[in-house]
Visitor: 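Can you keep this structure in mind? I'll have questions shortly.
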Amino acid sequence: MTGKNSNGSTDQSRRNLLKLAATGLLAGMVAPLVDLGSPMAAGLALQGKNVLTVYYSWTGNTRLMAGIINEMVGGDMVRIETVAPYPTEYRETTKQARKELESGFKPPLTTRLTNIDTYDVIFVGSPCWWGTIATPVISFLSGYDLSGKTLVPFMTHKGSGLGRTVAHVRELCPASAVLQGKALWGDSASKSEKEISDWLRSLNMA
């Protein structure tokens with residue numbers, strides 16, 4: 001009786017070990033599919049979403065950053081353009097920008113999207129003007145109902161970083177989800193693929 005029970009216990013133990021091993025193998029196969037930190041899961045936040053990258057660029061740096069983002073996230077890309085162009089001289093543009101921001105002036109745009117409702121996620125790019133987004137971008141955000149959409153600000157600057165950009169976008173679009181933005185030193189925009197990729201990965205949008 002003792003020997004028989006001993007063999008039965010041994011067989012049961014072996015069966016249990018096999019079950020545990022099989023479970024472990026399956027877990028190892030499934031885990032990467034749900035691990036949001038893994039490369040395979042990167043970009044899940046954009047799956048099934050229509051994406052737009054929209055930007056205003058004065059020197060061309062924000063345009064370069066927008067192009068890199070668009071290449072990484074896909075979707076459409078649109079440049080914001082004003083009816084009246086800004087001065088080509090830096091100091092004159094900064095003076096005009098300050099007056100517009102202080103007065104609340106929103107420059108008229110030639111850019112008009114009739115399909116804005118089709119987009120779920122909108123990357124919004126701007127140069128930094130006096131610590132916030134440029135007035136043409138303010139005009140764009142103020143011109144549409146962006147309720148329920150996800151907005152992702154990005155910016156080029158000469159030392160001020162994002163400034164109050166995220167807070168300002170939230171003020172303009174209170175019914176939108178505004179994610180953490182990204183600011184790049186303007187002259188480095190063309191060589192910032194890795195920095196932009198790391199930022200997008202942090203948002204699960206790479």
Visitor: Over all heavy atoms of both residues, which pair between G161 and A183 is shortest? Give the atoms and the distance, please.
Guide: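 Scanning both residues, the minimum pair turns out to be C-CB, 3.7 Å.
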Visitor: Side chains of V124 and V169: closer than 4.5 Å at any heavy-atom pair?
Guide: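 Contact flag for V124/V169 side chains = no.
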Visitor: List the residues meeting side-chain hydrogen bond (donor to acceptor under 3.5 Å, both in side chains) with T156, not counting sequence neighbours, and say none if there are none.
Guide: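 Partners of T156 under the side-chain hydrogen bond (donor to acceptor under 3.5 Å, both in side chains) test: T62.
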Visitor: Measuring from atom CD of Q180 to atom CH2 of W199, what distance do you get when rounded to the nearest 0.5 angstrom?
Guide: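 Between Q180 CD and W199 CH2, I get 9.0 Å after rounding to 0.5 Å.
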Visitor: Treating Ile, Leu, Val, Met, Phe, Trp and Tyr as nodes and any side-chain heavy-atom pair under 4.5 angstrom as an edge, say whether L109 and L146 lie in one connected cluster.
Guide: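 Yes.
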Visitor: With sequence neighbours left out, write down each residue that passes side-chain hydrogen bond (donor to acceptor under 3.5 Å, both in side chains) with R98, or none if nothing qualifies.
Guide: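 Once residues adjacent in sequence are excluded, the partners of R98 under the side-chain hydrogen bond (donor to acceptor under 3.5 Å, both in side chains) criterion are E102.
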Visitor: Applying side chain to side chain contact (heavy atoms under 4.5 Å, CB included) to W130 and T132, what does each step give before you reach the verdict?
Guide: CA-CA 6 Å; W130 298 100; T132 189; 5.6 Å; no
Visitor: How long is the span from the OG atom in S192 to the CE atom in M65, to the nearest 0.5 Å?
Guide: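 One finds 7.5 Å between OG of S192 and CE of M65.
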Visitor: Give every residue pair that meets the salt bridge (Lys or Arg N to Asp or Glu O under 4.0 Å) criterion with at least one member in residues 123-135, sequence neighbours excluded.
Guide: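 Those involving residues 123-135 do not exist here.
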Visitor: How would you list all residue pairs meeting ring-ring contact (aromatic ring centres under 6.0 Å, His included) that involve residues 50-69, not counting sequence neighbours?
Guide: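 Every ring-ring contact (aromatic ring centres under 6.0 Å, His included) pair that includes a residue of residues 50-69, provided the two are not neighbours, is Y56-W129.
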Visitor: Who pairs with H168 by ring pair (Phe, Tyr, Trp, His ring centres under 6.0 Å), at least two apart in sequence or on another chain?
Guide: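 None.
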Visitor: Decide yes or no on side chain to side chain contact (heavy atoms under 4.5 Å, CB included) for L179 and M205, but give the supporting numbers first.
Guide: CA-CA 11 Å; L179 304 188; M205 291 183 173; 3.6 Å; yes
Visitor: Roughly how far, to the nearest 0.5 Å, is CG of L101 from NZ of K106?
Guide: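 It is 10.5 Å, given to the nearest 0.5 Å.
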Visitor: Please check: side-chain N/O of T110 versus main-chain N/O of V83, any donor-acceptor pairing under 3.5 Å?
Guide: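 Answer holds: no.
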Visitor: How long is the gap from CG on L151 to SG on C173, to the nearest 0.5 Å?
Guide: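 Reported to 0.5 Å precision, the distance equals 5.0 Å.
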Visitor: Flag yes if L200 and L184 sit in one hydrophobic cluster, no otherwise; membership is Ile, Leu, Val, Met, Phe, Trp, Tyr, and two members link when side-chain heavy atoms are under 4.5 Å apart.
Guide: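 Yes, one cluster joins them.
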Visitor: Please list, chain by chain and in numerical order, all residues satisfying side-chain contact (heavy atoms from CB on, under 4.5 Å) with D120, sequence neighbours excluded.
Guide: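 side-chain contact (heavy atoms from CB on, under 4.5 Å) check on D120 returns K49, N50.
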Visitor: Looking only at heavy atoms, what is the nearest atom pair of M155 and P127, with distance?
Guide: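 It is CE-O, 3.8 Å.
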Visitor: How would you list, by chain and number, every residue that makes a side-chain contact (heavy atoms from CB on, under 4.5 Å) with S103, sequence neighbours excluded?
Guide: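 Once residues adjacent in sequence are excluded, the partners of S103 under the side-chain contact (heavy atoms from CB on, under 4.5 Å) criterion are F105.
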Visitor: Out of curiosity, does I80 fall in the hydrophobic cluster containing I122 (side-chain heavy atoms, cut-off under 4.5 Å, transitive links)?
Guide: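 The answer is yes; both residues are in one hydrophobic cluster.
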Visitor: Under a 4.5 Å side-chain heavy-atom rule over Ile, Leu, Val, Met, Phe, Trp and Tyr, are F154 and V73 clustered together?
Guide: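 In one cluster with F154: V73, yes.
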Visitor: Do R79 side-chain atoms and R63 backbone N/O form a donor-acceptor pair below 3.5 Å?
Guide: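 No.
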Visitor: Sorted by first residue and then second, give each side chain to side chain donor-acceptor pair (under 3.5 Å) pair with at least one member in residues 66-76; sequence neighbours left out.
Guide: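 Residue pairs with at least one partner in residues 66-76: D76-Y119.
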Visitor: How far apart are the closest heavy atoms of T165 and P153, and which atoms are they?
Guide: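 Closest heavy-atom pair between T165 and P153: CG2-CB, 3.9 Å.
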Visitor: Please enumerate all residues that pass side-chain hydrogen bond (donor to acceptor under 3.5 Å, both in side chains) together with K95, with sequence neighbours excluded.
Guide: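 None.
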Visitor: Roughly how far, to the nearest 0.5 Å, is NZ of K194 from CD1 of I196?
Guide: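 Going from the CD1 atom of I196 to the NZ atom of K194 covers 12.0 Å.
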Visitor: Locate the shortest heavy-atom distance separating E92 from E89; write the atom from each residue and the value.
Guide: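 Heavy atoms only, the tightest pair is N-OE1, 2.8 Å.
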Visitor: Quick one: side-chain hydrogen bond (donor to acceptor under 3.5 Å, both in side chains) partners of E171, sequence neighbours excluded?
Guide: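 Result, side-chain hydrogen bond (donor to acceptor under 3.5 Å, both in side chains) vs E171: R164.
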Visitor: Given D145 and I116, is the side chain to side chain contact (heavy atoms under 4.5 Å, CB included) satisfied, shown in steps?
Guide: CA-CA 9 Å; D145 179 6; I116 193 74; over 6 Å; no
Visitor: Let me have the donor-acceptor pairs involving side chains of residues 134-142, under 3.5 Å, with sequence neighbours excluded, atom names and distances please.
Guide:
unit_1, atom_1, unit_2, atom_2, d
T135, OG1, Y86, OH, 2.9
T135, OG1, E100, OE1, 2.6
S139, OG, P107, O, 2.8
S139, OG, T135, O, 3.3
S142, OG, I138, O, 2.8

Visitor: Show your reasoning for whether side chain to side chain contact (heavy atoms under 4.5 Å, CB included) applies to L172 and I133.
Guide: CA-CA 11 Å; L172 293 168; I133 51 177; 3.8 Å; yes
Visitor: Do L113 and L52 come close enough that some side-chain heavy atom pair is under 4.5 Å?
Guide: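 The answer is yes, as the side chains (C-beta and beyond) meet within the 4.5 Å cut-off.
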Visitor: Can you hop from V121 to I69 via hydrophobic side chains spaced under 4.5 Å?
Guide: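 Cluster IDs for V121 and I69 match.
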Visitor: Under the salt bridge (Lys or Arg N to Asp or Glu O under 4.0 Å) definition, can you give me all pairs with a residue in residues 150-160, not counting sequence neighbours?
Guide: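 Of all non-adjacent pairs touching residues 150-160, those that pass salt bridge (Lys or Arg N to Asp or Glu O under 4.0 Å) are K158-D187.
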Visitor: Got a second to check how far I68's CD1 is from T53's OG1, nearest 0.5 Å?
Guide: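 Reported value, rounded in 0.5 Å steps: 11.5 Å.
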